Amino acid sequence: MRKKSSKDWNWDGGRLSLDFINTVRDRKTGDRELLVDPADLAEWLVQTKLLDAEPDVSMRQLARAQALREAIDRLAVGFGGGNIEAADVDLLNECARVRPSAPELILGRGGSLEVRSAREKDPVGVALGKIAVDAIELLTAPRGMFRICAADDCGLRFEDRSPSRNRQWCSMKVCGNREKARLHYQRQK
């Protein structure tokens, strides 16, 4: 269970990369950015359990995270028949290459050899790498898994794991329930 946050995080995407895309809300009615400053990215990375403690995030890392998020979104939307940009593919692959399994040998004090993991070198980069790998898995999954919420005022992205691949809402608790209530009200009217 994730800790309660002051942010309006959404975990209905069904996978890490889609929850990351959903750090921009209200895409259909005018984007609302949730990763406004480096502390927001640090909090999100801890909330998702990609990192154990909030790292010091620079503005450069925040900008890279936002660029990765938008590249993933454009690729996911474009994969369904839209335009795919080579720069988005390149950024996704570049981020995916930063892995915690790439240790670095360093010369320690007194001439001893020490191993430093990529996580120690750049924990934010490693976390973004995990998001990028998840996005690659999403993009190479069978077609019909990626959806955009059908609600007129939502636009959240989610993975459709329903047996018939016909899920319409990011969440039945929120958007689906609102639509059912609206339809019920129209029938009663």
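Note that the structure is a prediction, hence the values are computed from the model and not measured.
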**Q** Checking salt bridge (Lys or Arg N to Asp or Glu O under 4.0 Å) for the pair R32/D8: CA distance, chi angles, key distance, verdict?
**A** CA-CA 10 Å; R32 181 168 50 103; D8 190 17; 3.1 Å; yes
**Q** Write down the atom of L75, the atom of I84, and the distance for their closest heavy-atom approach.
**A** CD2-CG2, 3.5 Å
**Q** Working to the nearest 0.5 angstrom, can you tell me the gap between L41 CG and M59 CE?
**A**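 If we round to the nearest 0.5 Å, L41:CG and M59:CE are 11.0 Å apart.
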**Q** Before you tell me yes or no, could you show the steps for L156 and I148 under side-chain contact (heavy atoms from CB on, under 4.5 Å), namely the whole-Å CA-CA distance, both residues' side-chain angles and the distance that decides it to 0.1 Å?
**A** CA-CA 6 Å; L156 286 177; I148 299 174; over 6 Å; no
**Q** So which atom in P38 and which in V57 form the shortest heavy-atom distance, rounded to 0.1 Å?
**A**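 Distance-wise, the nearest heavy atoms are CB-O, 3.0 Å.
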**Q** Are the side chains of V46 and D52 in contact, using a 4.5 Å heavy-atom criterion?
**A** no
**Q** Start with the C-alpha gap between K130 and V126, add the side-chain angles, then the distance that decides, and say whether side-chain contact (heavy atoms from CB on, under 4.5 Å) holds.
**A** CA-CA 6 Å; K130 289 178 181 179; V126 170; 4.1 Å; yes
**Q** Should the pair R157-D19 be classified as a salt bridge under the 4.0 Å nitrogen-to-oxygen rule?
**A**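 Looking at D19 together with R157, the answer is no, because their closest N to O distance does not fall below 4.0 Å.
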**Q** When you measure from the side chain of R69 to the backbone N and O of S17, does any donor-acceptor pair fall under 3.5 Å?
**A** no
**Q** Hey, is CG on D152 packed in by over 12 heavy atoms from elsewhere, all under 6.0 Å?
**A**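 Counting neighbours around CG of D152, 12 or fewer heavy atoms of other residues, nucleotides or ligands fall under 6.0 Å, so no.
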**Q** Linking I/L/V/M/F/W/Y whenever their side-chain heavy atoms sit closer than 4.5 Å, directly or via other members, would V24 and V36 fall into one cluster?
**A**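 V24 does not cluster with V36.
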**Q** Identify the two heavy atoms, one from F20 and one from A65, that lie closest to each other, and give their separation to 0.1 Å.
**A**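 Smallest interatomic distance, heavy atoms only, reads CZ-O, 3.3 Å.
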**Q** Are the charged groups of E70 and R27 less than 4.0 angstrom apart, N to O?
**A**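 Yes, charged N to carboxylate O under 4.0 Å.
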**Q** Hey, does the side chain of R167 reach the backbone of E159 with a donor-acceptor pair shorter than 3.5 angstrom?
**A**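 Here the side-chain-to-backbone pair exists.
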**Q** Counting N and O atoms only, with roles assigned by atom type, does the side chain of R147 sit under 3.5 Å from a partner on the main chain of R165, one being a donor and the other an acceptor?
**A** yes
**Q** Do Q66 and L35 have side chains that approach each other closer than 4.5 Å (heavy atoms only, starting at C-beta)?
**A** yes
**Q** With heavy-atom distances below 4.5 Å as the criterion, would you say the side chains of W44 and L34 are in contact?
**A**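 Contact flag for W44/L34 side chains = no.
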**Q** Whether the side chain of E85 engages the backbone of A87 through a donor-acceptor N/O pair (distance < 3.5 Å, no angle test) should be reported.
**A** no
**Q** Between D88 and A71, which heavy-atom pair has the shortest distance, and what is it?
**A**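 So the two residues come closest at OD1-CB, 3.5 Å.
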**Q** Return the minimal non-hydrogen interatomic distance between R109 and E114, and the atom names on each side.
**A** N-OE2, 4.3 Å
**Q** For K28, does the NZ atom sit with more than 12 other heavy atoms under 6.0 Å from it, leaving out its own atoms?
**A**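 Enclosed.
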**Q** Would you say D56 has more than 12 foreign heavy atoms packed within less than 6.0 Å of its CG?
**A**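 No.
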**Q** Is it true that D31 and R25 make a salt bridge, defined as a side-chain N closer than 4.0 Å to a carboxylate O?
**A**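 Result for this pair is no, no salt bridge flagged.
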**Q** How many angstroms lie between CG in L68 and CD in Q61, if you round to the nearest 0.5 Å?
**A**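 Reported value, rounded in 0.5 Å steps: 13.0 Å.
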**Q** Checking side-chain contact (heavy atoms from CB on, under 4.5 Å) for the pair L16/L50: CA distance, chi angles, key distance, verdict?
**A** CA-CA 10 Å; L16 179 63; L50 284 170; 3.9 Å; yes
**Q** Quick check: do I106 and L113 have side-chain heavy atoms less than 4.5 Å from each other?
**A** no
**Q** W9 and E43: side-chain donor and acceptor closer than 3.5 Å?
**A** yes
**Q** Heavy-atom distance under 4.5 Å between the side chains of L18 and L138, does that happen here?
**A** yes
**Q** State, to 0.1 Å, how close A132 and A96 come at their nearest heavy-atom pair, and which atoms those are.
**A**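 Nearest pair, atom of A132 first, then A96: CB-N, 3.6 Å.
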**Q** Measure the SG-CH2 distance between C170 and W11 for me, rounded to the nearest 0.5 Å.
**A** 14.5 Å
**Q** So, Q168 versus D160: side-chain donor-acceptor pair below 3.5 Å or not?
**A** no
**Q** Evaluate the side-chain contact (heavy atoms from CB on, under 4.5 Å) criterion for residues L92 and L139: first the C-alpha distance (whole Å), next the side-chain angles of each, then the deciding distance (0.1 Å), finally the verdict.
**A** CA-CA 11 Å; L92 185 64; L139 294 168; 3.8 Å; yes
**Q** Using modelled atom types and a 3.5 Å cut-off, is there a donor and acceptor pairing between side-chain atoms of D37 and backbone atoms of D40?
**A**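 Yes, because the side chain of D37 sits within donor-acceptor range (under 3.5 Å) of the backbone of D40.
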